[in-house]
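Beneath this line is the structure, given in structure tokens, with notes to follow.
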Amino acid sequence: MDRARNFMPGPNQELLDAKPLRSLAPMFPAPMGVNINQSSTPPLVVVTPVGQFPTGFGAGSLPAFGPFASFSATANTFSPAGTSANVPIDVTPVSAYKTRPSGVTPLNDDDEPYSVAQTSASERKAKRPADLAADGSNGVKFKHPKPIYKNHVAGKLLAFLPTSYSTPREAVEAVHMTFEALRRRHLQMDETQDVSRRADLKAGAIMMASEIRANAGKRVGTAPGVEIGDIFYFRMELCIIGLHAPSMGGIDYMSAKFGNGEDSVAICIVAAGGYENDDDDTDTLVYSGSGGNSRITEERHDQKLERGNLALERSLHRKNEIRVVRGFKDPAALAGKIYIYDGLYRIQESWKERTKFGINCFKYRLQREPGQRDGAAIWKRTQRWIQNASTRGTVIQHDLSSGAETFPVCVVNEVEHEKGPGHFTYTTQVKYPRPLSSMKALQGCGCQSVCLPGDANCACGQHNGGDLPYSSAGVLVCRKPVIYECGEACHCSLNCRNRVSQKGVRCHFEVFRTTNRGWGLRCWDPIRAGAFICEYAGEVIDELQVNLDDSEDDYIFQTVCPGEKTLKWNSGPELIGEESTYVSPDEFQPLPIKISAKQIGNFSRFMNHSCSPNVFWQPVQYDHGDDKHPHIMFFALNHIPPMTELTYDYGVVGAGTNRSKTCLCGSLTCRGLF
DNA sequence: GTTGATTCAAGTCA
DNA sequence: CTGACTTGAATCAA
């Protein structure tokens with residue numbers, strides 16, 4: 001029923017949807033590669049997308065369209081820099097460009113008006129156009145480095161990276177996903193050797209060295225492809241997607257040209273969350289300048305008006321937009337911290353304050369630009385709900401699962417009057433046609449207490465190809481044809497890390513009414529990439545008793561080959577000298593299992609399809625050994641901010657199914673049918 | 001489980 | 001080109 005309703009047309013997304021799915025962005029032609037093979041430098045193939053990239057500035061004045069709106073702007077249609085800026089500002093980055101490494105040349109070095117290839121600083125200064133503000137448009141002008149995206153390293157195509165990007169969002173997601181995959185794999189290897197070598201920094205270093213990054217070069221204003229509400233768990237993530245360059249420092253700044261003058265201005269700050277005063281006012285932020293603490297000695301001294309502090313001071317006068325990343329203590333994250341991109345702010349005032357150590361420090365009050373959708377505010381709201389579910393208003397059912405799930409699954413309808421989904425019987429389990437005892441048994445390990453990575457005697461580790469599939473934090477490292485969790489036959493305890501999905505749901509979900517796709521599923525908690533989400537519960541359909549009338553059943557799960565984004569979720573092994581685990585659509589082998597959640601099921605039956613999903617399915621075994629009928633478990637494809645609709649790829653039309661439906665996912669890479 | 005001290009760090013600017 | 005500058009993340013002890 002609900003999936004059937006997905007085909008009603010409708011132009012708008014949910015108000016709370018964190019992703020603006022529609023955009024007017026031009027499609028980039030698939031980039032070509034150029035192989036520059038130098039003996040002294042690693043052979044590199046660089047691909048450069050051709051096309052206009054957004055200025056970054058201006059998004060604040062187009063709140064109705066979200067960050068992508070500016071992307072459609074051409075060189076002559078820039079918007080004023082935000083509603084509150086009456087003063088013409090003309091800014092040109094001066095020291096914004098990383099010097100191109102020797103041996104690496106972008107393919108397209110032509111000089112488009114507002115898109116510049118990377119050149120050396122001296123070259124750039126020499127040819128900086130003097131007429132940037134000549135059109136009197138009151139607009140803000142930038143020259144931006146042309147982003148370089150690579151999917152080749154050492155002359156080899158990296159299977160885990162897309163061959164082309166049609167939007168900055170895709171590029172950012174691919175870079176971010178690659179970072180996370182590398183980080184998980186390094187963590188897995190470190191844990192195998194029982195050492196800690198900062199997998200985040202290691203993954204970041206590989207990304208930097210391979211130049212797999214987005215938005216290289218600095219810019220004032222939005223970072224294309226990074227959306228308000230996007231969440232991060234490591235500072236390096238901000239670095240490689242070009243949101244905030246310093247890997248440690250809190251203030252990112254650059255030198256920019258303002259009319260006839262030149263100034264250093266702040267472009268992004270990370271507010272570590274140490275100064276959270278007013279909980280309800282998420283639109284203002286008091287930020288402290290940096291410095292004053294000597295790392296070596298215990299000495300403290302007054303902060304100086306230089307570097308980042310000076311840039312903030314200049315930004316106060318220049319009134320330029322500053323990206324703000326807010327850090328919060330996240331009780332659910334192991335490191336205890338989560339970073340949320342909260343959009344653009346402007347500095348209102350600055351002052352000096354004497355700290356408790358008796359030193360002078362600079363303070364800056366920042367005001368969030370109006371008209372932007374909520375970022376950190378959503379997180380604060382959902383954190384309250386998690387602590388006390390009754391603070392969640394407009395609930396039409398308090399617990400769809402009637403207590404069957406760890407946490408209540410509420411139902412909300414904020415768009416129309418439908419009182420809830422049609423009747424079904426709630427179950428958290430998948431029901432097999434035959435009893436488990438009659439199915440093939442799963443072999444077990446003899447580990448005492450818990451299985452440990454690197455234990456060559458652990459049969460379960462061997463069964464999974466040598467490594468335990470989950471990190472100590474319970475995050476899946478890599479997609480595989482099947483994951484073997486520890487089960488009944490194992491000697492290890494329930495605390496074993498190789499029992500992630502069988503322990504069930506650990507997040508707070510809600511079923512909500514979408515504007516045009518029936519009911520959907522979203523989560524109050526931020527979910528990190530690789531985290532377990534839920535099982536597809538329902539009845540396993542016995543293929544010996546084929547139900548010919550299942551065309552009426554919109555709740556059937558089948559292992560249809562998903563799109564590229566799902567298939568490429570792996571560890572990026574080529575980057576660290578490991579063999580590719582990529583399975584192409586040609587090689588993809590569907591399983592015979594079919595699960596129907598029409599009569600019985602859990603909340604996963606409300607998860608909608610998207611061609612650009614944030615969730616993927618993964619076969620998992622733990623209570624039987626019939627590899628053709630595994631459990632279907634869902635995991636997060638990337639970090640998912642709270643209240644973002646959860647979607648997975650139902651699969652490519654024509655591959656193993658004769659039913660197809662018009663897709664309303666709105667993704668730019670939408671295949672049209674599923 | 002939570003908190004504080006301790007240690008080792010990456011990228012960028014000057 | 002090198003060092004100074006910035007503080008995060010992980011671990012271990014209390």
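Residue numbering restarts at 1 for every chain, and letters A, B, ... go by the order of the sequence lines. Reckoned from all heavy atoms, side chains included, excluding hydrogens, waters and symmetry mates.
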For this session: Look at the side chain of A:Arg198 and decide which nucleotide, out of B:dA10, B:dG11, C:dG8, has an atom nearest to it.
Result: C:dG8

Exercise. Could you state the OH-P distance from A:Tyr287 to C:dT6, rounded to the nearest angstrom?
Worked result: 11 Å

Problem set entry | Whole angstrom value for the distance that separates C1' of C:dC5 from NE2 of A:His244 | 13 Å

For this session: Indicate whether OP1 or OP2 belonging to B:dC13 is found under 4.0 Å from a side-chain N or O atom of A:Lys218.
Result: yes

Exercise. Are any non-hydrogen side-chain atoms of A:His176 and A:Asn638 less than 4.5 angstrom apart?
Worked result: no

For this session: Find the distance A:Leu238:CG to C:dA9:P and express it as a whole number of Å.
Result: 9 Å

Exercise. Contact class for A:Gly308 vs. all strands (heavy atom < 4.0 Å): base, sugar-phosphate, or nothing?
Worked result: nothing

Seminar exercise, completed: Side-chain atoms of A:Met208 come closest, of C:dG8, B:dG11, C:dA9, to B:dG11

Seminar exercise, completed: Picking from C:dG8, B:dA9, C:dC5, the nucleotide nearest the side-chain atoms of A:Arg307 would be C:dC5

Exercise. Has A:Tyr253 got a side-chain N or O lying under 4.0 Å from the OP1 or OP2 atom of B:dG11?
Worked result: no

Exercise. Looking just at side-chain N and O atoms, do A:Asp525 and A:His508 make a donor-acceptor pair shorter than 3.5 Å?
Worked result: yes

Exercise. Hey, is A:Arg185 close enough to A:Glu578 for a salt bridge, meaning N to O under 4.0 Å?
Worked result: yes

Exercise. So what does A:Asp252 touch, heavy atoms closer than 4.0 Å: a base, only the sugar-phosphate, or nothing?
Worked result: nothing

Exercise. A:Lys337 has a side chain; which of C:dG8, B:dT12, C:dA10 sits nearest to it?
Worked result: C:dG8

Exercise. Any idea which of B:dG11, B:dA9, C:dA9 is nearest the A:Met236 side chain?
Worked result: B:dG11

Exercise. What's the CD-P distance between A:Glu237 and C:dG8, to the nearest Å?
Worked result: 15 Å

Exercise. Between A:Arg381 and A:Asp374, is the closest basic N to carboxylate O distance under 4.0 Å?
Worked result: yes

Exercise. Given that A:Gly291 and A:Tyr339 both sit by DNA chain C, which one's nearest nucleotide is further toward the 5' end?
Worked result: A:Gly291

For this session: Could you check how far CG of A:Asn495 sits from C1' of B:dG1, rounded to whole Å?
Result: 15 Å

Problem set entry | Whole-Å gap separating P (B:dG11) and CZ (A:Phe179) | 11 Å

Seminar exercise, completed: To the nearest angstrom, the CG-P distance between A:Asp330 and C:dA9 comes to 12 Å

Exercise. How about A:Lys503: does its NZ atom have over 12 heavy atoms from other parts shown lying under 6.0 Å from it?
Worked result: yes

Exercise. Out of C:dG8, B:dA9, C:dT6, which has the shortest distance to the side chain of A:Ser290?
Worked result: C:dT6

Exercise. Under 4.0 Å between a Lys/Arg side-chain N and an Asp/Glu carboxylate O for A:Lys337 and A:Asp330?
Worked result: no

Problem set entry | Nucleotide nearest A:Phe234 when distance is taken to its side chain, options B:dT12, B:dA10, C:dA10 | C:dA10

Exercise. Quick one: is A:Lys202 getting a side-chain N or O under 4.0 Å of the C:dA9 phosphate, OP1 or OP2?
Worked result: no

Seminar exercise, completed: Comparing nearest nucleotides in DNA chain B, the 5'-proximal residue of the pair A:Met248, A:Lys329 is A:Lys329

For this session: Figure out the CD1/C1' separation between A:Ile240 and B:dT12, and round it to whole Å.
Result: 17 Å

Exercise. Heavy atoms under 4.0 Å, any strand shown: does A:Arg235 hit a base, just sugar-phosphate, or nothing?
Worked result: sugar-phosphate

